Amino acid sequence: MKIRTLNSENMGALLELMQKRKPSSFPQQEKAVNEILTAVREKGDEALFAYTEQFDHAKLTPETILVSAEEIREAYEEVGADFLRIIRAAASRIRAFHEKQLEKSWFVTEENGSLLGQRVIPLQKVGLYAPGGTAAYPSSVLMNVLPAKIAGVPEIILCTPCGADGKAAAPTVVAAHEAGVGRIFKIGGAQAVAAMAFGTESVPKVDKITGPGNIYVALAKKAVYGYVSIDSVAGPSEILILADESANPRYIAADLLSQAEHDVLASAVCVTTSMELAEKISNEVEAFIPGLARRDIIRSSVDTYGVILVADNMEEAIGAVNEIASEHLEILTADPFAVMPKIINAGAVFLGDYASEPLGDYFAGPNHVLPTCGTARFFSALSVQDFVKKSSVIYFSKEALEPLHSDIEFFAKTEGLTAHANSIAVRFEKENDR
């Protein structure tokens, strides 16, 4: 694994390289996605079924597009008791964490007859996307569905691609059923995003689309934003580890590779204050790779987007961490709790030797749908708040408005909006005439 001194030149090169992984850097795929979106919007089910046959080699009809009760039963038999036990335990932890995020409506009143408040209202219809085949991630199904359920969304659908046999991945089906999804549609790719965004004869139009997918799914979500809301335009996975000389190089190497195996575009970066540690980490990485199942993907990811940066001191290292603004940040220092308050840009922060990133992926409870490609500077993890909207509530009696009306009229006239001023003034014109 490459080792570089942390300086402005190397930092600039890393940031530029990481930005090239953004979905907006794929114009050829974007053109293909736009064609799919247009076709589904104009032709509905006809285009949806044609693309499913073309890409997934499955012939669907309005009668077979939904996962049936029999297919759900078969999925439970296929995954077995151990999977079911673990998925339920994970769901319990995820549910408990997200229940703490639930906000309530609030109102305040004054004696003069005014009432101000905020209504928290769940979205009415949400569409979730789950990858299929070898990229089936039932953990992501839980992470997307459970916050929506806790928020009170009354209708939740899920789209996931089927195989040539017309069946969706069993772990995805079971996770969706356990989490409380109402309907599971056996469609995937940009065409599924289009169906949820615009609606077809079989698939309802939703208010928001969330969930991970490949570059075509990410670009489709980007394109339909505005017709519907989305969680984010997610880029490839990434991990950043901040370490001092006290850290275990074997742990760091294992954690870096846990993200590198996702995708050839995944990024694995370590920032450390110790050159000796950096060399040990690099050696451990090279020792691990040959024994890992996805070694070819890992090798490509590490060679292209993997680097160990060696800083002169911890303050410089922390500065680099905040500039990178990684999706996942592990702090492996002698006192990670002292370092944490200095971190302002990270999707999720993992502290200490035994909070490795996969703990967050599966079981800890916080959401693993996180901002990528530096967007942790202004975006947050998926949460219950992503599935609600907020409406302001205003009530004023005449007595409450009376002492304010002249100031409001003055304000409006200052902006040249005399109709605004008049809207207030007409309510007091009799008083003004006296």
Side-chain angles (χ1 to χ4, degrees), residues 22-24 26-27 29-56 58 60 62 65-67 121-132 135 140-141 143-145 147-149 151 153-162 168 172 176 181-235 369 371-372 375 379 382 385-389:
K22 282 188 171 182
S24 55
F26 297 85
Q29 289 88 339
E30 194 163 14
K31 181 181 177 182
V33 164
N34 288 334
E35 291 175 358
I36 292 171
L37 296 180
T38 299
V40 173
R41 187 178 186 184
E42 293 178 352
K43 298 180 180 178
D45 275 358
E46 178 186 346
L48 186 61
F49 295 148
Y51 284 124
T52 300
E53 184 171 3
Q54 178 182 345
F55 298 128
D56 299 321
L60 296 180
I65 189 173
L66 281 170
V67 173
I121 309 162
L123 301 181
Q124 295 302 290
K125 196 174 295 183
V126 168
L128 309 176
Y129 186 86
S140 286
V141 174
M143 293 290 183
N144 282 270
V145 177
K149 291 291 290 186
V153 176
E155 184 172 354
I156 301 174
I157 68 169
L158 183 138
C159 289
T160 188
C162 61
T172 299
V181 171
R183 288 180 286 175
I184 306 170
F185 291 88
K186 296 182 284 187
I187 52 173
Q191 61 272 22
V193 174
M196 290 189 284
F198 305 124
T200 73
E201 296 87 338
S202 297
V203 182
K205 173 179 167 57
V206 301
D207 301 317
K208 184 164 189 170
I209 300 171
T210 74
N214 61 19
I215 185 63
Y216 294 95
V217 170
L219 289 171
K221 287 168 66 178
K222 175 187 173 186
V224 301
Y225 178 66
Y227 294 100
V228 294
S229 178
I230 62 171
D231 49 355
S232 66
V233 182
V369 180
T372 60
T375 60
F379 282 144
L382 191 72
Q385 281 76 48
D386 287 293
F387 298 100
V388 300
K389 55 185 178 179

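The structure presented is a predicted model; accordingly, all values stated were derived computationally and were not measured.
Counting only heavy atoms from C-beta outward, the side chains of Phe55 and Gln191 approach each other to under 4.5 Å. Proximity of Val126 to Val206: side-chain heavy atoms (C-beta onward) are nowhere separated by under 4.5 Å. Between Val141 and Leu128, the closest side-chain pair of non-hydrogen atoms is not below 4.5 Å. The side-chain heavy atoms of Met196 and Val224, taken from C-beta on, include no pair separated by under 4.5 Å. Under the 4.5 Å side-chain criterion, counting only non-hydrogen atoms from C-beta, Pro212 is in contact with Asn144. The shortest side-chain heavy-atom distance between Asp386 and Pro147 does not fall under the 4.5 Å cut-off. Using a 4.5 Å heavy-atom threshold, the side chains of Tyr129 and Thr160 count as separate. A 4.5 Å side-chain heavy-atom check between Val228 and Lys205 finds at least one atom pair inside the cut-off.
Residues Ile187 and Ala192 come closest through the heavy atom pair O-CB, 3.7 Å. For the pair Ile156 and Val181, the tightest heavy-atom approach, listed with the atom from each and the gap, is O-CG1, 3.6 Å. Summarising the geometry of Ile209 relative to Ala197, their closest heavy-atom pair is CD1-N, 3.9 Å, with the distance given to 0.1 Å. Closest approach of Pro131 and Gly213 over heavy atoms only: CG-CA, 4.3 Å. Of all heavy-atom pairs spanning Thr172 and Ala130, the tightest one is CG2-CB, 3.9 Å. Contact detail for Ser202 and Phe185: the closest heavy-atom pair is O-CE2, 3.3 Å.
Within the structure, salt bridge (Lys or Arg N to Asp or Glu O under 4.0 Å) contacts touching residues 213-232 (residues at least two apart or in different chains) are Glu30-Lys222, Lys221-Asp231.
Interatomic distance, CZ of Phe387 versus OG1 of Thr210, reported as 4.0 Å (0.5 Å rounding). Distance check: Ile65 CD1 to Leu48 CG gives 5.0 Å after rounding to the nearest 0.5 Å. The distance from the CG atom of Leu60 to the CD atom of Glu53 is 9.0 Å, given to the nearest 0.5 Å. Interatomic distance, Lys43 NZ to Phe49 CZ, rounded to the nearest 0.5 Å: 15.0 Å.
Counting only distance, with no hydrogens or angles, the side chain of Thr375 and the backbone of Thr372 share a donor-acceptor pair below 3.5 Å. Panel note: side chain Gln124, backbone Pro122; a donor-acceptor pair is recorded below 3.5 Å.
Glu155 meets the salt bridge (charged side-chain N to carboxylate O under 4.0 Å, His left out) test with Lys125, Arg183; sequence neighbours excluded.
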